[in-house]
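Order of the sequence lines sets the chain letters (A, B, ...), proteins ahead of strands, with each chain counted from 1.
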Amino acid sequence: MTNAEIAAVFEEIADILEFQGENPFRVRAYRNAARTVGELAESLEEMVRQGKDLTQLPGIGKDLAQKIQTLVQTGHLEQLEKLRAQVPESVLELMRIPGLGPKKAAALYKQLGIATLDQLRQACQEHRVRKLKGFGAKTEEAILHGLEVAQVAAKRILWAEADQFASELKQHLAQLPQVQQVEVAGSYRRGKETVGDLDVLVVARGSKAVMDHFGRFPAVAEVLARGETKMSVRLTTGLQVDLRVVPTRSFGAALLYFTGSKQHNVVLRTRAKAKGLKINEYGVFRGDRYVAGRTEEEVYASLGLPWIPPELREARWEFDWADQGKLPQLIELQDIRGDLHMHTNRTDGKASLEEMVQAAKARGLKYIAITDHSKRVTMARGLNSEQLLQQWEEIDQLRRRIRGIHILKGVEVDILEGGGLDIDDQTLAQADWVVASVHYGQNQSRERITGRILDALAHPAVCAIAHPTGRLLGRREPYQVDMEAVVQAAAERNKFLELNANPMRLDLNEIHCALARQHGVLVVISTDAHSIDGLGVMRYGVIQARRGGLEPQHVLNTRPWGQFKKLLQRARGTPLNVT
DNA sequence: GCCGTTTTCGGCCCGACTGTTTTCAGTCG
């Protein structure tokens, strides 16, 4: 049983317990455990086999450790079977309708026998719902409306898409003279790879004008709620946007609060409490006395903490780091000096070799690698050895013509389904830079895929593994791979692991980045550009690296050319023939 | 169900908004 499957079991238990009105802290314990398990790099199966103490994991106590062991060994959990028998799966879907929580859903199920979304729609249309205690005509309408929008609204969007809306919204709000400060908080500010909604924070004189203006943002489809300080709208795309208007002295506290994460806030509040302080979105208070709140720095300082970058606020490592005075100086976009994964129109890219080189140079990059696909990737018209050698000759010519940027002769060589690489050793030996990647056989077992990748890492010519989990956010799950083993192998052989900066990929994820950092494996952030514009996605990769706590020193392509060459030589064992 | 330089029992973050209520429960973030 995979970690993801075990996490799903705990989530399902939490859903059912919540529906049954169980102790909310017990529900939270299951959700916390699901999170811990889902983010764990090491395989639980492996840990159980080795007899490791699972209660060392955060949020896993004696009970849950036992349940994990049972799941690993038998694949079943009696508790879950029993719960499932009590609550049909379709009933849980009721809680996905905005406005329907466990209490209301349970009332619908118990009093009206509603067990599916279809039955719910019918009951609303027949006005049976409004007769229930605690429900009314408005609730009924809200449910009907919720049924329509639930599908689109539940979808998270890529950070890059959210960034579009966030920038436009900021511009729109800043037009209003009353607005003094605007910031988009939430998971967007934390740089999460996908974003569920936007939280906009505004400092302004009076909230009415701001809210009116907010409602006039062209993409607004409907206003969901509007009060004194808070307003919620849904955009035509289904994205929900919450606006809060806060006073100046509360801006830092509110920004901190609405940036989250929830877990980070919980830790902050617990720490505040231990110091006899109370912290909410209006500030830090001792009794009724305001202590801090103007800026985030001020709020953190009142708790004896340094300012923590939003990308780290997930209650994972940041408090340990902060306590030890070891908060990282996170990497920034301007630290990037090279880009080591890009395609040309020789395969599935849109721009020519020269156009890519010129565009990279114009972006200020000091070195790049041209890495077209190998022949196995027929859809992309991948290159064979002969064609590769031909392209490398063209690079020789370009090197003489274009100065100020080092061009590496590279290839993205396929790791074949049956193992081994798609290009012969002799040709690979002549490349300056080889990234190896899995495109086929993604459904193979964890053992087989891990084995294929480990073999590739053992090949002397291979420098890095590209997009190491193969996921496409919202479209394709990552393939099963033992990342712990991959990172260890990379560490032993001084090889690199790619963080693919394409906003749909972004693998390594932040947990994997942290793992690489811990094992001393250098991460290479690459655009995998298939066009000139594609070179611009680097910033998304940098954000992901920041979430993993990476500093410039942990990333290969921040190094100046001379250092980069040495590290590359160490990885391949042969000198580089580029000057 | 977890967890402990206040604790092995009794905590577990806090407030806004809505709708259905005559003072508050439920939901959400």
Side-chain angles (χ1 to χ4, degrees), chain A residues 10 13-14 17-19 21-36 54-68 79 94-108 129-143 145-146 153 185-188 190 195-201 207 211 223-234 240-246 250 253-254 256-285 303 315 323:
Chain A
F10 288 160
I13 291 175
L17 291 178
E18 186 173 38
F19 178 81
E22 252 287 353
N23 175 358
F25 298 109
R26 186 169 172 230
V27 174
R28 199 167 81 183
Y30 277 100
R31 296 212 193 279
N32 285 341
R35 178 175 183 249
T36 297
L54 300 179
T55 63
Q56 292 303 305
L57 298 170
I60 307 290
K62 217 175 118 200
D63 271 42
L64 288 173
Q66 180 59 49
K67 282 172 190 178
I68 292 172
Q79 178 198 15
L94 301 181
M95 290 197 288
R96 297 215 190 96
I97 305 296
L100 285 190
K103 294 286 188 325
K104 284 209 162 86
L108 290 166
V129 169
R130 64 176 64 180
K131 299 197 180 89
L132 291 183
K133 192 178 176 193
F135 292 75
K138 285 210 171 176
T139 312
E140 206 173 62
E141 282 164 30
I143 292 173
H145 185 58
S187 56
Y188 167 75
R190 301 203 309 281
V195 172
D197 62 8
L198 291 178
D199 298 288
V200 187
L201 219 58
S207 67
M211 289 188 175
V223 176
L224 301 172
R226 177 169 170 169
E228 279 295 300
T229 63
K230 180 188 162 177
M231 175 166 166
S232 296
V233 302
R234 191 184 312 286
Q240 184 172 332
V241 186
D242 297 335
L243 173 82
R244 330 257 169 172
V245 183
V246 300
S250 298
L256 182 58
Y257 180 79
F258 292 112
T259 297
S261 65
K262 206 170 180 175
Q263 290 89 347
H264 183 87
N265 286 346
V266 168
V267 175
L268 286 179
R269 281 165 193 248
T270 309
R271 287 190 175 216
K273 216 168 164 180
K275 284 180 179 288
L277 297 166
K278 188 181 78 167
I279 171 169
N280 57 27
E281 58 262 55
Y282 299 106
V284 182
F285 299 87
L303 300 177
D323 290 339

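Nucleotide B:dG19 forms a Watson-Crick or G-U wobble pair with B:dC24, both donor-acceptor distances falling under 3.5 Å.
Distance from the side chain of A:Ala29 is smallest to B:dG1 among B:dT20, B:dG1, B:dT6. You'll find that the side chain of A:Thr139 is closest to B:dG19, out of B:dG19, B:dG1, B:dT18.
Counting any heavy atom pair closer than 4.0 Å across all strands shown, A:Asp63 reaches sugar-phosphate atoms only and no base atom. Across all strands shown, A:Ala137 has heavy atoms under 4.0 Å from sugar-phosphate atoms exclusively, and none from any base. Among the heavy atoms of the strands, none lies under 4.0 Å from A:Ser232.
With respect to the salt-bridge test (charged N to carboxylate O, under 4.0 angstrom), the residues A:Glu18 and A:Arg31 qualify.
With sequence neighbours left out, the salt bridge (Lys or Arg N to Asp or Glu O under 4.0 Å) criterion links A:Asp63 to no other residue. The salt bridge (Lys or Arg N to Asp or Glu O under 4.0 Å) check on A:Arg190 picks up A:Glu314, with sequence neighbours excluded. Contacts of A:Glu141 classified as salt bridge (Lys or Arg N to Asp or Glu O under 4.0 Å), with partners at least two apart in sequence or in another chain: none. In this structure, the salt bridge (Lys or Arg N to Asp or Glu O under 4.0 Å) partners of A:Glu140, at least two apart in sequence or on a different chain, are A:Arg130. For A:Tyr282, there are no ring pair (Phe, Tyr, Trp, His ring centres under 6.0 Å) partners at least two apart in sequence or on another chain. Take A:Glu228 and apply the side chain to side chain contact (heavy atoms under 4.5 Å, CB included) test, not counting sequence neighbours, and it matches no residue. Among residues two or more places apart in sequence or in another chain, the side chain to side chain contact (heavy atoms under 4.5 Å, CB included) test is passed with A:Val266 by A:Thr270.
Side-chain N/O atoms of A:Arg26 include one lying less than 4.0 angstrom from OP1 or OP2 on B:dG1. Checking the phosphate oxygens (OP1, OP2) of B:dG15, a side-chain nitrogen or oxygen of A:Asn280 falls inside 4.0 Å.
Across the protein-nucleic acid pair, A:Ile60 atom CD1 and B:dG1 atom P stand 12 Å apart, rounded to whole Å. If you measure from atom OH of A:Tyr30 to atom P of B:dG1, you get 4 Å, rounded to the nearest angstrom. Between the C1' atom of B:dG1 and the CD atom of A:Gln79 lies a distance of 10 Å, rounded to the nearest Å. Rounded to whole Å, the distance from CG on A:Leu17 to C1' on B:dC2 is 15 Å. Between the P atom of B:dT6 and the NZ atom of A:Lys275 lies a distance of 11 Å, rounded to the nearest Å. One interatomic measurement links the two molecules: NZ of A:Lys278 to C1' of B:dG15, which rounds to 9 Å at whole-angstrom precision. In this structure, the CG atom of A:Leu54 is 12 Å from the P atom of B:dC2, given to the nearest Å. Remark: C1' of B:dA16 and CG of A:Leu224 are 14 Å apart, rounded to the nearest angstrom.
Here, B:dG1 and B:dT6 have their P atoms 28 Å apart, quoted to the whole Å. Of the C1' atoms belonging to B:dT8 and B:dC13, the separation is 23 Å, rounded to the nearest Å. B:dC12 and B:dC17: their C1' atoms are spaced 25 Å apart (whole Å). Comparing B:dG10 with B:dG15, their P atoms sit 25 Å apart, to the nearest whole Å. Rounded to a whole angstrom, the distance from the P atom of B:dC9 to that of B:dC14 is 25 Å. Straight-line distance between the P atoms of B:dA16 and B:dT22: roughly 23 Å, to the nearest whole Å.
Tested against A:Leu100 for a side chain to side chain contact (heavy atoms under 4.5 Å, CB included), the candidates A:Lys103, A:Lys104, A:Arg96 yield a single pass: A:Lys104.
With a glycosidic angle more than 90° from 0, B:dT5 adopts the anti conformation.
With hydrogens and angles ignored, the 3.5 Å screen pairs no side-chain donor or acceptor of A:Ser232 with any backbone N or O of A:Leu224.
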Open item on the list: Return a single string for nucleotides 21-29 of chain B, one symbol per nucleotide in 5' to 3' order, where B is base contact, S is sugar-phosphate-only contact and - is none, cutoff 4.0 angstrom on heavy atoms.
Closed with: S----SSSB
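How far CG of A:Leu243 is from OG1 of A:Thr229: 9.5 Å, rounded to the nearest 0.5 Å.
Comparing A:Ala225 and A:Thr55 by the nucleotide of DNA chain B that holds the closest heavy atom to each, the one mapping nearer the 5' end is A:Thr55.
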Polar-atom pairs under 3.5 Å, protein N or O versus N or O of nucleotides 9-12 of chain B: list them with distances, or write none.
unit_1, atom_1, unit_2, atom_2, d
B:dC12, OP1, A:Lys273, NZ, 2.3

